[in-house]
Chemist: 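Have a look at this one.
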Amino acid sequence: MEMNQLDFNTILNDEEKILDNIMVNHTSLKKAVSEKNWEDLNKIIVEMNTLSTCFQNLDIKRDSIQVSMSNEELKPYSEKLSALRAKLLKCKIENEAFSKYVNITKDFIQGVIDNAVPQRRNKVYSKAGQIVQSKPQSIVVNQLF
């Protein structure tokens, strides 16, 4: 049983470090987007995906150990578990806020493009009944000087 508790404590510490790194990356992500630094943005996204996968793997291990522990064995870890939940909630809020920002920006840009260059959005079929990709209409812009 002591080995499980030692593993449990190690997993909690590792999860806390990963969440701290994710929160730091959230700040870097915001900075990269605001500065339009797309190379850094791609690196941060790859790193966050890696951290997320590591966290998920650790969380599965933590959960399997936690299920086998009694309430009395879990009491010493209640404060650390609460801190982890708080950090996880903060990460979730940051993710949702960033997702909303991206969706709003994407919808705005799509609206501008749709108004500037109206396209057919319907499916186009050939005589044989195959779906044909609709091609954008040509645009001619006259500049007056």
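On a predicted model such as this, the values are computed, not experimentally measured, just so you know.
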Chemist: Any non-hydrogen side-chain atom of Asp7 less than 4.5 Å from a side-chain atom of Arg62?
Modeler: no
Chemist: Hey, is NZ on Lys87 packed in by over 12 heavy atoms from elsewhere, all under 6.0 Å?
Modeler: yes
Chemist: Does Ile18 share a hydrophobic cluster with Met23, counting links as ILVMFWY side-chain heavy atoms below 4.5 Å and allowing steps through other members?
Modeler: no
Chemist: What is the distance from atom CG of Asn103 to atom CD of Gln110, rounded to the nearest 0.5 Å?
Modeler: 12.5 Å
Chemist: How long is the span from the CD atom in Glu15 to the CG atom in Leu81, to the nearest 0.5 Å?
Modeler: 8.5 Å
Chemist: Is the shortest side-chain N to carboxylate O distance from Asp20 to Lys17 below 4.0 Å?
Modeler: no
Chemist: Not counting sequence neighbours, which residues clear ring-ring contact (aromatic ring centres under 6.0 Å, His included) with Tyr77? List them please.
Modeler: Phe8
Chemist: For Asp107, does the CG atom sit with more than 12 other heavy atoms under 6.0 Å from it, leaving out its own atoms?
Modeler: yes
Chemist: Between atom CG of Asp59 and atom OG of Ser64, what is the distance when rounded to the nearest 0.5 Å?
Modeler: 10.0 Å
Chemist: Out of curiosity, Asn21 CG to Ser52 OG, how far, rounded to the nearest 0.5 Å?
Modeler: 13.0 Å
Chemist: So which residues get pulled into Leu89's cluster when ILVMFWY side chains under 4.5 Å apart are joined, directly or through others?
Modeler: Ile93
Chemist: Got a second to check how far Gln56's CD is from Leu51's CG, nearest 0.5 Å?
Modeler: 11.5 Å
Chemist: What's the separation between atom CG in Asp63 and atom CD1 in Ile11, rounded to the nearest 0.5 Å?
Modeler: 10.5 Å
Chemist: For Lys75, what residues pass the side chain to side chain donor-acceptor pair (under 3.5 Å) criterion, not counting sequence neighbours?
Modeler: Glu72
Chemist: Are any side-chain N or O atoms of Thr105 and backbone N or O atoms of Tyr101, one a donor and one an acceptor, separated by less than 3.5 Å?
Modeler: yes
Chemist: Step by step, would you call Phe55 with Asp14 a side chain to side chain contact (heavy atoms under 4.5 Å, CB included)?
Modeler: CA-CA 8 Å; Phe55 184 84; Asp14 290 346; over 6 Å; no
Chemist: Applying the side-chain contact (heavy atoms from CB on, under 4.5 Å) test to Met48, which of Ile44, Thr50, Ile45, Val46 qualifies?
Modeler: Ile44
Chemist: Determine whether Leu58 and Leu74 fall in the same hydrophobic cluster, where Ile, Leu, Val, Met, Phe, Trp and Tyr are linked whenever their side-chain heavy atoms lie under 4.5 Å apart.
Modeler: yes
Chemist: Mind checking whether Leu29 and Val24 sit in one hydrophobic cluster, side chains of I, L, V, M, F, W, Y counted as touching below 4.5 Å?
Modeler: no
Chemist: Check the hydrophobic clustering (I, L, V, M, F, W, Y; side-chain heavy atoms under 4.5 Å; chains of links allowed) and say if Val102 and Ile22 are grouped together.
Modeler: yes
Chemist: Would you please name every residue forming a side chain to side chain contact (heavy atoms under 4.5 Å, CB included) with Asn57, sequence neighbours left out?
Modeler: Thr53
Chemist: I'd like to check the side chain to side chain donor-acceptor pair (under 3.5 Å) partners of Asn13; sequence neighbours left out, ordered by chain and number.
Modeler: Lys80
Chemist: What pairs meet the salt bridge (charged side-chain N to carboxylate O under 4.0 Å, His left out) rule with one or both residues in residues 29-57, with sequence neighbours excluded?
Modeler: Lys30-Glu94
Chemist: Whether the side chain of Glu16 engages the backbone of Leu84 through a donor-acceptor N/O pair (distance < 3.5 Å, no angle test) should be reported.
Modeler: no
